[in-house]
Structure formats: C-alpha cells, structure tokens
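The model shown is predicted, which means the values in this text are computed figures rather than measured ones. In each ligand, atom 1 is the first atom listed, and ligand 1 is the first ligand listed.
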Amino acid sequence: MNRIVYADNAATTRITEEVLQAMMPYLTENYGNASSLYSLGVKSAMAIDKARQQVAAAINAEPMEIIFTGCGTESDNWLKTFARRLAKKGKTHLITTCVEHHALLHSMARLEKEGFTVTYLPVNKDGFISVEDFRNAITEETGLVSIMFANNEIGTIQPIAEIGAICREKGIWFHTDAVQAVGHVPVDVKAMNIDMLSLSAHKFHGPKGVGVFYCRKGIPMDNLLDGGGQERGKRAGTENVAGIVGLGAAIEIAVSHREEHAEKVSALRDRLIDGLLAAVPMSKLNGSRENRLPGNCNISFVGVEGESLLLMLDHNGIMASSGSACASASLDPSHVLMSLGMKHEEAHGSVRLTLSEENTEEDVDYIIEVLPTIVANLRRMSPLWESIQKENQN
Ligand SMILES: *Cc1c(COP(=O)(O)O)cnc(C)c1O
C-alpha cells in the first residue's frame, strides 16, 4: 500500500485551489503598491480593504479593528506593546497559562526579564484552566490577560466567554491566541468580550506568512513597526497584498463552511480516537474528550519513543507530529503534555494526528491499520517495555 495521509493540520494546512486563484492576480499582473495613487495601486488597496472586511465579518469585529501581520507569532508578540504601555500606569502583572504556544510563552518570558510579574495558570489533566484559579490570580496590578482559545497540541478549548466576561467586568484587557480556533470553532469577539486576538492564515487553508492582530477600538495602540502609514501607521511596511487576499478568501470559506466541516472532521476524529484506543493496549487520549478541536487526536503509547513512531509512520506515508511541530526539533518533552501531569515517558510516547475536511474515512482506517503494528514492533524492541508491562500489572 502506498497511500499518503496528511494528518498534521495543526502544523499547517494545504492551500486550497480557490484561495490560490484569489491570490494569483496579486502575484502577477496586479503588482501595484497599495500606497500608490494610480489605478494599479488602488486595485491593491481595494483588495486589502475587501480582505479586512472578510476578516472582520468572520470574527464579528469592525474592519478598522483588524491589523494584518506577518504571522501568528508576530500577532502574539504584539502583546508586549500593550504590556509596556500598561506598566506606565503601574499595571505590571499579567496572567496567562502554562500551555500557551511558544510565541506567547517566550513573549511573556521577555516581559518578565523587563520586570513584569507573570502568573502561569496550571491546567487539569484534560488541559483546562480553572476559572476560579483565574479569578483568584487577579490583583490590583493586573492589566492584561492572555489565554489561548484552543490548544495546538491537545485541542482543548478553554472557557473563553467566561474569562472574557470577568476581564471586561474588571477592566482588564483580554487577549486570546485563537490561531487554532478561527475557522474551526465559533469565534465572536463581541459576544465573548475579547479585546485582542491573534490568528494565522495557514491554519485554515490560507497561505503561510500572513496573520491578523485584532484590537478592539478604543484600546490605545503603540506601533510595532515604525515607518510608513500602512496599517494606520501601527505596522508599517509594504503590505503582503497576495497573502492578505489569500487570508481573506480562506477565512471567508472556512467560516461559511465551518459547521459542515466541523461535523465531518469531528466524526473522522472520533473514528480515529476510538479505533486507536481499541487497537493499541495501554494507549491513552490526551486532552478533553468533549471540548476539543474537531480535528485533534493526541494519544500516548507508553513504551514507545515518539520520534521513532513518527519516522515509521512517515515510512508508511503518514505525516503526523509529536508534541507540537515547533517543539519537535528538540528532544524535550512537550511543555503542554507535562502540564497535564504526565510522566516523561508517557509524554515522549505521544503522537498528534490532526485532520481536516480534506481527509477521508479511508485515511483514518489506514492509520488505524498501520499504527498499532508499528507501536507493537517498537515496544518489542524497547528495553523498557517488559518492566513497564510488569509495573502495569501490579
Ligand atoms: C501555529 C500557531 C502559532 C504561530 O502561528 P505562525 O503563523 O505559524 O507564526 C501561534 N499559536 C498557535 C496556537 C499556533 O497553533
């Protein structure tokens, strides 16, 4: 069998034909700079305006609240500009979680070096923060909170509307990294009292290298990039017109088909989770079973080295990931899995399979057919497997 199954949609997604076609004119004949006054430039400016409206409509924001950025990582880095502004008013405490993406965690670490105090909320075994813990963490100095919408490794969806309501009541600015959520689960910045939000096109079948930072009107913004007047002067630099157009097209498609896709993808995900848990002894699902991203399946196989499992899956045409793609370059166990209270060896034997609406039941059945044999073979070769089994019997 030489089937190819792409099951790493949390790392990135395939750009769709429709999105590519929407972008093409801006990579070819419509090359005008959006700041130029002749019609070739005006066409680019109009295309950006349209994309801004598409993004605003997708998350229930106003077009003027949308800033185009270079990626989700940049959007998360924007947080630092708000923290530094708040510090001038004595608001030097921030609250986040210990399961954030590194773009956020490393931004927070930078702020700590500058003298800020950061509370990292723990999560329970399913990956949820406690709203009670969150309330208790708020102090007089808390000015900014950043809690991710949905986790990129385990798919757990946080109680964002509840957190938003508390922040609004207390006058604290609330940011959410919604990179994994937008286009996959309902996101409404007004209903959920979200003040700032990060999203990235390549997580919903758009192009790489373009994202959005949403900031509710009325919140004062400092510039991230000084230069020309692009993005109201807040983020100078000639716009990535084709990328922005692609983001706009992709978000509109993702949101308009969201329910239909979510239904299909979550059925595939459940088939995969149930199939693997049934076929592999001593396997365990990581993350919440209920409030989970439609495409996310993250399972631990004790006695297996995750990296070896990935290589064997790759030999069989299956593309998956251990922990997050960003952490895979290192051999440290995922900070997210460790935050769930897992042991090193469990975290190391974890694989993340993330599906999209482009996957099929045949893809899922192929994974269920191939993966259990690989796990059994790797366990047989593991010097630890015998003792792990004995331990488990006791
Ligand atoms: C992918 C991802 C990012 C980073 O987005 P890029 O556009 O790849 O920089 C940030 N946060 C989360 C939760 C992500 O999944």
When you measure from atom 3 (C) of ligand 1 to every protein heavy atom, which one gives the shortest distance, and what is it?
->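 Its nearest protein heavy-atom neighbour is His101 NE2, 3.5 Å.
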
Protein residue, atom and distance nearest to atom 11 (N) of ligand 1, heavy-atom basis =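 Going atom by atom, the protein heavy atom closest to atom 11 (N) of ligand 1 ends up being Asp177 OD2, 2.7 Å.
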
Do Ser382 side-chain atoms and Leu378 backbone N/O form a donor-acceptor pair below 3.5 Å?
->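 Looks like no, no N/O pair under 3.5 Å.
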
Any donor and acceptor pair, going by atom type alone, linking the side chain of Arg292 with main-chain N or O of Ser288 inside 3.5 Å?
->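 Indeed, once roles are kept as given, a pair shorter than 3.5 Å links the two residues.
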
Counting from 1, what ligand 1 atoms have a heavy atom of [X] closer than 4.0 Å?
X      : answer
Lys203 : 1 (C), 2 (C), 3 (C), 14 (C), 15 (O)
Gln180 : 13 (C), 14 (C), 15 (O)
Ser200 : 6 (P), 7 (O)
His202 : 6 (P), 7 (O), 8 (O)
Gly72  : 5 (O), 6 (P), 7 (O), 9 (O)

Using a 4.0 Å heavy-atom threshold (strictly under), name the region of Cys71 that reaches ligand 1: side chain, backbone, both or neither.
->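 Contact part for Cys71 vs ligand 1: both backbone and side chain.
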
Mind checking whether Met148 contacts ligand 1 via backbone (N, CA, C, O), side chain (CB onward), both or neither, at a 4.0 Å heavy-atom cut-off?
->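 Within the 4.0 Å criterion, Met148 contacts ligand 1 through side-chain atoms alone.
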
Sequence neighbours excluded, which residues qualify as ring pair (Phe, Tyr, Trp, His ring centres under 6.0 Å) partners of Trp173?
->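 Here no residue qualifies.
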
Heavy-atom count around Glu358 CD within 6.0 Å, excluding the residue itself: above 12?
->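 Counting neighbours around CD of Glu358, more than 12 heavy atoms of other residues, nucleotides or ligands fall under 6.0 Å, so yes.
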
Please name the pair of heavy atoms, one in His202 and one in Ala11, separated by the smallest distance, quoted to 0.1 Å.
->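 Closest approach of His202 to Ala11, heavy atoms only: CE1-O, 3.3 Å.
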
If we only count heavy atoms from C-beta on, is the Val179 to Asn152 side-chain gap below 4.5 Å?
->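 In short, these two side chains do not touch, never coming nearer than 4.5 Å.
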
Given Thr73, Thr12, Asn152, which one has a non-hydrogen atom that is nearest to atom 4 (C) of ligand 1?
->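 Closest candidate by heavy-atom distance is Thr73.
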
Any pair counted as ring pair (Phe, Tyr, Trp, His ring centres under 6.0 Å), so long as it reaches residues 265-320, sequence neighbours left out |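 Listed by first then second residue: nothing to list.
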
Val179 N/O to ligand 1 N/O under 3.5 Å =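 Checking ligand 1 against Val179, no N or O pair falls under 3.5 Å apart.
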
